[in-house]
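To keep things clear, I will list the structure first and then write my remarks on it.
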2 protein chains.
Amino acid sequence: MLKITRKVEYALIALRHIQNNSSGTVASTKEIATTYGIPHQLLAKILQQMGREGLISAVKGPNGGYKISANLNEISLKDFFEKIEGPLGLMDCYFNSDCNQLKACNILTPIQRINQNMRDLFSKTSLQEITQ
Amino acid sequence: MLKITRKVEYALIALRHIQNNSSGTVASTKEIATTYGIPHQLLAKILQQMGREGLISAVKGPNGGYKISANLNEISLKDFFEKIEGPLGLMDCYFNSDCNQLKACNILTPIQRINQNMRDLFSKTSLQEITQ
DNA sequence: TCTATATACGATAATTTTAGTCGTATATAA
DNA sequence: TTATATACGACTAAAATTATCGTATATAGA
């Protein structure tokens, strides 16, 4: 409960690795996968997604790989989580209101408050604070 | 990702219902289950667990049910979550260090910091703030 | 004392989510 | 032309969550 997924974990590890790479060169999927023991194909898909989200950009072909293409200081952890995993909330009812199972939920209001606190926490933390 | 489980959700709903019950009487599993559309047997197990944890106490037999037996003001949401779902952390490596898959995790330190922030958030919120 | 109703609880099944793999296409440096 | 790298949809496997089953025990009330 209240865990980040491996997908996000791998994404963060990769971002940090790419950022710390010696300047001028790019970091390949293979290099990152073998360094941290991450399944290659899985990491590839995650890097591709981060590419589509504008966080990194790819160089194709031999000696190819990825480099950072966004200012990680301007992106909050909340935005990053939502780019990678979609809407962020303690309960689905935060963004999906078709909760007919619980006819008369008696904890909606207080949960929304806690939820907002959690979103605020991740909003005030930048990606850079993890990758620097 | 970063969701609470239904188990915790049901537990909170039940706690609030029991607390708001007219004084002198107890609230039964059946009453709570039908009110909120929660599977009866599942709720029963959750209430039993909360009983074992000392949060509520049971009255057996016809007209039986549960009443609050702890001071919910003195119990943090973090402690409650851990009573119901076990150790609370963004990643397993927070409390389980046999992470040999990621040989050289490069985000451990920053993740631990974020993790502590999240634990602090739930530590400074009391159960009473949700059930009152 | 008998019966209906309620909690107690381990075992198991179903479902959903997460994690990982496969196959194929495209780009490019050497 | 070949080896190596990204791109990506479809699929499979594994793990976690959610729910059910069966049986035992307690007790209020007829």
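Proteins get letters first, then strands, A, B, ... in listed order; numbering begins at 1 in each.
- One interatomic measurement links the two molecules: CE of M50(A) to P of dT6(D), which rounds to 12 Å at whole-angstrom precision.
- Shown here are the side chain to side chain donor-acceptor pair (under 3.5 Å) partners of S28(B), two or more places apart in sequence or in another chain: there are none.
- The hydrophobic cluster containing L108(A), built from Ile/Leu/Val/Met/Phe/Trp/Tyr side-chain heavy atoms closer than 4.5 Å, comprises no other residue.
- The stretch residues 47-80 of chain B participates, sequence neighbours left out, in no ring-ring contact (aromatic ring centres under 6.0 Å, His included) pair at all.
- Looking at heavy-atom distances under 4.0 Å, G65(B) makes contact with sugar-phosphate atoms alone, never a base.
- Judged purely by atom type and a 3.5 angstrom limit, R16(B) uses its side chain to pair as donor or acceptor with the backbone of I130(B).
- In this structure S69(B) satisfies the side chain to side chain donor-acceptor pair (under 3.5 Å) test with no other residue, sequence neighbours excluded.
- Residues satisfying the side chain to side chain donor-acceptor pair (under 3.5 Å) test with Q132(B), not counting sequence neighbours, are none.
- OP1 or OP2 of dA5(D) has not a single side-chain nitrogen or oxygen of S28(A) nearer than 4.0 Å.
- One interatomic measurement links the two molecules: CD of E53(A) to P of dC8(D), which rounds to 12 Å at whole-angstrom precision.
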For nucleotides 28-30 of chain C, print each protein N/O atom paired with a nucleotide N/O atom at under 3.5 Å, atom names and distance only.
none

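- Q48(B) places its CD atom 12 Å from the C1' atom of dA24(D), with the value rounded to the nearest Å.
- At whole-Å resolution of the value, CD1 in I56(B) and C1' in dA6(C) are 14 Å apart.
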For residues 38-58 of chain B, please give each side-chain donor-acceptor pair under 3.5 Å, one per line with the distance, not counting sequence neighbours.
unit_1, atom_1, unit_2, atom_2, d
Q48(B), NE2, A44(B), O, 3.4
Q49(B), OE1, K7(B), NZ, 3.2
Q49(B), NE2, K83(B), O, 3.2
Q49(B), NE2, I84(B), O, 3.2

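- Between the P atom of dT20(D) and the NE2 atom of H40(B) lies a distance of 12 Å, rounded to the nearest Å.
- In this structure, I32(A) places its CD1 atom 19 Å from P of dT4(D), rounding to the nearest Å.
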Atom pairs and distances, donor-acceptor, side-chain atoms in residues 120-127 of chain A, under 3.5 Å, two or more places apart:
unit_1, atom_1, unit_2, atom_2, d
D120(A), OD1, Q116(A), NE2, 3.0
S123(A), OG, R119(A), O, 2.8
T125(A), OG1, L121(A), O, 3.1
S126(A), OG, Q128(A), N, 3.4
S126(A), OG, E129(A), N, 3.4

Report all interatomic pairs (protein N or O, nucleotide N or O of nucleotides 9-15 of chain D) with separations under 3.5 Å.
unit_1, atom_1, unit_2, atom_2, d
dA10(D), N6, K45(A), NZ, 3.1

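- Here V26(B) sits in one hydrophobic cluster together with V59(B); the rule is ILVMFWY side chains under 4.5 Å apart, joined directly or through other members.
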TODO: For nucleotides 13-19 of chain C, just jot down a letter per nucleotide in 5' to 3' order: B, S or -, based on protein non-hydrogen atoms under 4.0 Å.
DONE: -----SS

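- Rounded to an integer number of Å, the gap from L43(A) CG to dT21(C) P is 12 Å.
- With dT7(C), dT6(D), dC22(C) as the candidates, the nucleotide lying closest to the side chain of A58(A) is dT6(D).
- Although no hydrogens or angles enter the test, the distance criterion places a donor-acceptor pair under 3.5 Å between the side chain of N115(B) and the main chain of L90(B).
- When the P atom of dA6(C) is taken as reference, atom CG of L47(B) falls 13 Å away, rounded to whole Å.
- Considering only residues two or more places apart in sequence or on other chains, D79(B) meets the side-chain contact (heavy atoms from CB on, under 4.5 Å) condition with I75(B), S76(B).
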